[in-house]
Amino acid sequence: MARYGRGHQRPATKGDQFLAKVTGMSPNYRGDIRNVNNHSAIWLPNHLNTAFWIEDLPPDVVPFEILDGIHNCGRVYAVHITTERIHEIGYAAAKIVFMDLEGARRFYHRYVRQQRLVVGGVRAFVVRNRIKVAEQKGLARYFSRCLLINGIWTIVNLDFLAAYFDPLIKYQIDCTVQHFNPNPGMATLEIRFASFRAQAQMAYKILTEDPFFVDNGVTVAFARDPCDRQF
């Protein structure tokens with residue numbers, strides 16, 4: 001299993017900080033603040049909030065280190081790491097959002113009330129995020145941040161796929177898992193993205209609709225999120 005790091009984050013402008021204030025968001029937010037999907041659902045009661053804030057993370061933390069410590073909760077919708085204030089507070093922080101309320105409730109009882117999340121050998125501090133997110137009711141139960149990709153080995157490998165994805169989408173990879181494929185010349189690769197939203201979601205769209213992948217017989221399916229509840 002291969003692990004991967006995070007991308008770069010842009011500095012906030014004065015316009016970003018003003019917009020954050022009027023939309024109920026932190027002035028330190030470094031995502032796309034003009035995207036309404038990133039705005040806080042300020043009307044949402046706290047117990048229906050599926051977003052959490054994680055502090056006391058190592059300065060060089062990567063998605064794998066956070067997600068690897070989360071089990072038997074639910075499907076992760078998005079993870080975003082922020083390192084902008086490391087020079088002030090000495091640690092990184094992250095936001096994690098679950099797809100459904102059940103997963104968020106499991107995470108709350110295990111990692112907020114009991115504070116059991118350990119990242120990089122250190123116990124992290126977890127609270128509900130003040131930028132509230134409602135559960136994603138429009139998403140099918142089989143959707144996840146993990147994709148299982150099958151096809152000829154010259155295409156289904158991370159180097160080729162990353163080179164194809166890089167100009168088209170912004171993404172972070174949690175880790176990859178090479179699965180056994182008994183067919184000569186064929187490969188099966190699982191890519192676990194840090195987020196479903198705009199990452200696994202867009203990669204799935206590319207793999208199923210781009211003529212290059214369709215014509216070369218590449219197939220893709222959503223795989224189980226290892227952070228999901230155990231059956």
Side-chain angles (χ1 to χ4, degrees), residues 1-21 23-35 37-40 49-70 73 76-98 104 107-108 111-112 115-133 145-146 158 162 165-176 191-203 225-227:
M1 181 167 58
R3 311 169 187 178
Y4 298 89
R6 60 176 184 272
H8 298 290
Q9 298 167 331
R10 65 178 180 82
T13 65
K14 290 184 177 179
D16 289 340
Q17 293 172 345
F18 174 78
L19 188 57
K21 184 176 180 180
T23 54
M25 301 175 69
S26 168
N28 298 311
Y29 181 67
R30 294 300 184 268
D32 183 0
I33 205 166
R34 290 166 177 79
N35 185 340
N37 291 324
N38 294 334
H39 293 178
S40 177
N49 184 10
T50 62
F52 299 87
W53 184 251
I54 307 172
E55 293 184 348
D56 294 341
L57 297 174
D60 58 349
V61 67
V62 295
F64 174 85
E65 294 174 293
I66 298 172
L67 294 166
D68 189 52
I70 299 171
C73 290
V76 172
Y77 183 60
V79 170
H80 176 76
I81 295 172
T82 178
T83 59
E84 291 294 325
R85 298 184 62 202
I86 285 180
H87 65 287
E88 300 175 25
I89 57 180
Y91 58 79
K95 174 184 177 181
I96 184 168
V97 183
F98 289 87
F107 182 84
Y108 176 82
Y111 297 107
V112 178
Q115 293 293 321
R116 292 173 56 185
L117 183 61
V118 176
V119 179
V122 177
R123 189 177 300 276
F125 178 70
V126 189
V127 295
R128 288 195 188 275
N129 194 23
R130 72 175 187 175
I131 303 174
K132 300 176 182 179
V133 180
R145 64 185 177 87
C146 308
L158 187 62
F165 291 156
D166 285 351
L168 302 175
I169 57 176
K170 294 181 179 179
Y171 64 93
Q172 295 176 296
I173 292 178
D174 165 13
C175 66
T176 61
I191 300 180
R192 297 175 182 171
F193 290 88
S195 301
F196 168 80
R197 194 190 78 175
Q199 295 188 25
Q201 182 182 34
M202 293 306 299
D225 187 336
C227 297

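How far NZ of K95 is from CD1 of I66: 13.5 Å, rounded to the nearest 0.5 Å. Once rounded to the nearest 0.5 Å, the distance linking CD1 of I54 with OG1 of T82 reads 12.5 Å. Remark: K170 NZ to M202 CE distance equals 13.0 Å, nearest 0.5 Å.
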For residues 117-124, please give each side-chain donor-acceptor pair under 3.5 Å, one per line with the distance, not counting sequence neighbours.
{"residue": "R123", "atom": "NH1", "partner": "Q115", "partner atom": "O", "Å": "2.6"}

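No donor-acceptor pair closer than 3.5 Å links the side chain of T83 to the backbone N or O of A92. With hydrogens and angles disregarded, no donor-acceptor distance shorter than 3.5 Å links the side chain of D174 to the backbone of R192. In this structure, the side chain of N49 does not engage the main chain of R130 through any donor-acceptor pair within 3.5 Å.
In this structure, Y111 has no side-chain hydrogen bond (donor to acceptor under 3.5 Å, both in side chains) partners at least two apart in sequence or on a different chain. Checked against ring pair (Phe, Tyr, Trp, His ring centres under 6.0 Å), Y91 has no partners two or more places apart in sequence or in another chain.
Contact detail for W53 and A93: the closest heavy-atom pair is CZ2-CB, 3.3 Å. A78 and S195 get closest at one heavy-atom pair: CA-OG, 3.2 Å. Among all heavy-atom pairs drawn from I173 and L158, the shortest one is CD1-CD1, 3.7 Å. Of all non-hydrogen atoms in R145 and A194, the two that sit nearest each other are CD-O, 4.0 Å. Nearest heavy atoms, F193 versus A203: CZ-CB, 3.7 Å. Here the closest non-hydrogen pair linking Q199 and I169 is O-CD1, 4.1 Å.
In this structure, the side chains of Y171 and D166 come closer than 4.5 Å at one or more pairs of heavy atoms. Between F98 and V76, some side-chain heavy-atom pair lies under the 4.5 Å cut-off. For the pair F52/V112, a side-chain contact is recorded, criterion being any heavy-atom separation below 4.5 Å from C-beta on.
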Next item on the list: Starting from the C-alpha separation in whole Å, work towards a yes-or-no answer on side-chain contact (heavy atoms from CB on, under 4.5 Å) for L67 and D225.
Entry: CA-CA 10 Å; L67 294 166; D225 187 336; over 6 Å; no
Next item on the list: Any chance you could lay out the side-chain contact (heavy atoms from CB on, under 4.5 Å) test for Y108 and R128, step after step, and finish with the verdict?
Entry: CA-CA 8 Å; Y108 176 82; R128 288 195 188 275; 3.6 Å; yes
